Engineer: 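One structure follows; several queries about it will come next.
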2 protein chains.
Amino acid sequence: MIMDDRKKRILQAIIDDYIDKAEPIGSRTIARKYELGLSSATIRNEMADLEEMGYLAQPHTSAGRVPSDKGYRLYVDKLMPTHDLNREEIRELNSATEDRVYELSQLLRHATAVLSNFTKYTSMAVTPKLRSSTIKAIQVVPIEAGKALVIVVNNAGIVKNSLIKVSEQATSEMLGRITNLLNDKLAGLTFEQADTERIKTLAREIGVTGDILTPILNGTAECMYQMGDHEMYVEGSTNILGHPEFKDMDKARQFLSLLDEKTSICKALSDSARPVGITVRIGSENELCSIRDCSLVTVNYNVADTMVGTIGIIGPTRMEYSKVISSIGYMKKLVCEEINRLLGHEHESV
Amino acid sequence: MIMDDRKKRILQAIIDDYIDKAEPIGSRTIARKYELGLSSATIRNEMADLEEMGYLAQPHTSAGRVPSDKGYRLYVDKLMPTHDLNREEIRELNSATEDRVYELSQLLRHATAVLSNFTKYTSMAVTPKLRSSTIKAIQVVPIEAGKALVIVVNNAGIVKNSLIKVSEQATSEMLGRITNLLNDKLAGLTFEQADTERIKTLAREIGVTGDILTPILNGTAECMYQMGDHEMYVEGSTNILGHPEFKDMDKARQFLSLLDEKTSICKALSDSARPVGITVRIGSENELCSIRDCSLVTVNYNVADTMVGTIGIIGPTRMEYSKVISSIGYMKKLVCEEINRLLGHEHESV
DNA sequence: GATTAGCACTCGCCGGGTCAGAGTGCTAAC
DNA sequence: GTTAGCACTCTGACCCGGCGAGTGCTAATC
């Protein structure tokens, strides 16, 4: 059977309507509402064809039709109307960066909150993987007698610090010497390379310079560890309760408890996103079994080229794809700009 | 009518049973299960009395009895058995600080996650209010040509930083002079006092020393702002779906959307907690109307005496009070210890 | 006088039966 | 190829009666 233009128009009409109504769509509805110049009987025949071809499904005999994953896929790839963000919508999305933002994590929280609020689905984000970024600078700064702060900066300008106790005798000059030493030995390495093992080796190489060096190395290791850690933010998880596909309590619970499992979601996000552009994974296209009746829309954002994080929106397969796709695309742009601003890659000072 | 010992025993039995079963408790159940040496008829009479006195309520004629808020209050104050944490439970709670913890926010996230998991209710925490802490030290550290890091430390050893752009000509000696100047002018003040206004005034006092000072003052203000911000963590929000009082979707949704409103929850937490000790707010005792059918158990934790944060557990009024109270008490202790360790108030170095 | 056994009564829950509505597939006519 | 008409199917809402749990009251008992 061939997928002619008329079939496509009918399929689109069904999916559009189903996305809106969340109920099986009957032939009469389509005939009445969309002006295709066809009677319900004709549409009925076409719908039977579309079902046979796998684009539609029937929950039970004598019910209307429902799009299948394959149907949504065609819809997303070819049929979907584009959603142009209007002024009001852009204003709403912009609010993610309106408030004072001083950290990447905060930026991501804002972005996910706004996105989830805007789309009424659940939005997620993971911080970039920084393990493969390189160490730009290490500083040991005295704070008061007996206390110092170890600071590590990576090539994107992301800063981590760790408070340490040092010997009371440590002069700021000694700390300066150690700072230079650490920079010599570690700067330029990736955080992966500068693991705890390496730092221990370094300690042996230098020889135990009394009690001063040890806490500093510990602090450095701590910073390295922090840099390697990546966090995840989920907002609007309860939005799904508003969608009829989750009116069944058990389903809702299953979905929500999945979101609590940060590791698997994190993996799903990273796995899903392609290097560039927006990825849409519909229902069974998802590798994670427990979201096989959801769709996941993801996009990567970059920090200084090498470091990649991901933003995602998850909702039922019956999702307003066009709206989700345009809003996540816009948000990615916003986030990238803001990251550049935050890390001082732009010309404006903070 | 007088609240004699027998009434108390019966009330306790009813509440114990109701907390377990979540269904109206009948006189026969009590007579059979608890060995009070009384027939169901006698207990029935006592229950009628307890209802008249306001400790029990009846969902409808010919149903069993359910504790009222007043009943729970007496239970919590006088009747409740104490819950001694066993070895296994302590091990579970301890896991909050087992993982590498390097920040207060991370500590609180762990603590709330463990608590919510342990109690099966929802757990929350707010970071301490630091606005009234004092500035201990400010440092401006050069990172690379044109970039520097402003670091502000408060009297508890909490560190905030802000990356800034500076003139390429700024030497580390100049930055050192400015550091000294800032310390002179600002150290010892509270963050409340050192607001943006004050910093602007400072800029005027010093006179515009070219383009070097401005970004540094901006960075300092940024740090001040960060210090004043306080965050909130909520974990296990979906736990409530497991409790029968939220089997009604609308109720669950209402509860969950409340949790999304960080500000009101934050306020409820802070308002509820008394300066010391564990506070229990039962149902209508809560000021926030939307949690009038929940109970909120809170405790404050201190950072260096003056800075106070709060941990809380929220669940249905039919809550395992004894377990919740002992676990939150233990967690407070853990958190306090860990904070001391983190901020170097202890003797062990990191 | 307190306690208890007995009994009539109340109420929510559950399962089965009925019915209307929406939608289909098929056939025959256009 | 398209459409009108019709018989058929399935779901969901509604109603109804029976069951079980629990009560309050009364009268008998300790």
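Note on naming: letters A, B, ... go to the chains in the order of the sequence lines (proteins, then strands), and numbering restarts at 1 for each one. Because the structure is predicted, anything quoted here is derived from the model rather than measured.
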Engineer: What integer distance in Å separates B:Leu36:CG from C:dT4:C1'?
Structural biologist: 15 Å
Engineer: Is any N or O donor-acceptor pair between the side chain of B:Arg28 and the base of D:dG22 shorter than 3.5 Å?
Structural biologist: no
Engineer: In terms of the angle between their ring planes, are B:Tyr121 and B:His243 parallel, tilted or perpendicular, with boundaries placed at 30° and 60°?
Structural biologist: parallel
Engineer: Quick one: do B:Asp293 and B:Lys251 make a salt bridge, cutoff under 4.0 Å?
Structural biologist: yes
Engineer: Reading nucleotides 11-21 of chain D from the 5' end, what letters show protein touch, with B for base, S for backbone sugar-phosphate only, - for no heavy atom under 4.0 Å?
Structural biologist: S----------
Engineer: Base of D:dG1, side chain of A:Arg6 - is there a donor-acceptor contact under 3.5 Å?
Structural biologist: no
Engineer: I'd like to check the side chain to side chain donor-acceptor pair (under 3.5 Å) partners of A:Glu35; sequence neighbours left out, ordered by chain and number.
Structural biologist: none
Engineer: Do the charged groups of B:Asp4 and B:Lys8 touch, with an N to O distance under 4.0 Å?
Structural biologist: no
Engineer: Please confirm whether the shortest side-chain N or O distance from B:Arg65 to OP1 or OP2 of D:dG24 is below 4.0 Å.
Structural biologist: yes
Engineer: Closest to the A:Leu38 side chain: C:dG25, D:dT3, D:dG24?
Structural biologist: D:dT3
Engineer: Taking only the side-chain heavy atoms of A:Ser39 (C-beta and beyond), determine which of D:dA4, C:dT24, C:dT4 contains the nearest atom.
Structural biologist: D:dA4
Engineer: Starting at atom CE of A:Met47, determine the distance to atom C1' of C:dC26, rounded to an integer number of angstrom.
Structural biologist: 16 Å
Engineer: When the distance from CD1 of A:Ile25 to P of C:dG23 is rounded to whole Å, what number comes out?
Structural biologist: 8 Å
Engineer: Provide, to the nearest angstrom, the distance between the CD atom belonging to A:Glu23 and the C1' atom belonging to C:dG23.
Structural biologist: 13 Å
Engineer: Can you spot which of B:Met232, B:Met124, B:Glu261 makes a side-chain contact (heavy atoms from CB on, under 4.5 Å) with B:Cys266?
Structural biologist: B:Met232
Engineer: Taking A:Ser284 for its side chain and A:Arg292 for its backbone only, find out whether a donor-acceptor pair lies under 3.5 Å.
Structural biologist: no
Engineer: Between D:dG24, D:dT2, C:dT24, which nucleotide has the shortest distance from any of its atoms to the side chain of A:Thr42?
Structural biologist: D:dT2
Engineer: Over all strands shown, is A:Ser40 touching base, sugar-phosphate only, or nothing at heavy-atom distances under 4.0 angstrom?
Structural biologist: nothing
Engineer: Rounded to the nearest angstrom, tell me the gap between atom CD in B:Glu51 and atom P in D:dT23.
Structural biologist: 10 Å
Engineer: Between D:dT3, C:dT4, D:dG24, which one does the side chain of B:Ala41 approach most closely?
Structural biologist: C:dT4
Engineer: Which comes earlier along DNA chain C counting from the 5' end, the contact point of A:Arg32 or that of A:Asn45, where each point is its nearest nucleotide?
Structural biologist: A:Arg32
Engineer: Take the protein atom NZ of A:Lys21 and the nucleotide atom P of C:dA22, then report the distance between them rounded to whole Å.
Structural biologist: 15 Å
Engineer: Please report, rounded to the nearest Å, how far the P atom of D:dT9 is from the CZ atom of A:Arg44.
Structural biologist: 16 Å
Engineer: In whole Å, what is the span from the CD atom of A:Glu46 to the P atom of C:dG25?
Structural biologist: 13 Å
Engineer: Is a side-chain N or O of A:Asn286 found less than 3.5 angstrom from the main chain of A:Leu288, in a donor-acceptor match?
Structural biologist: no
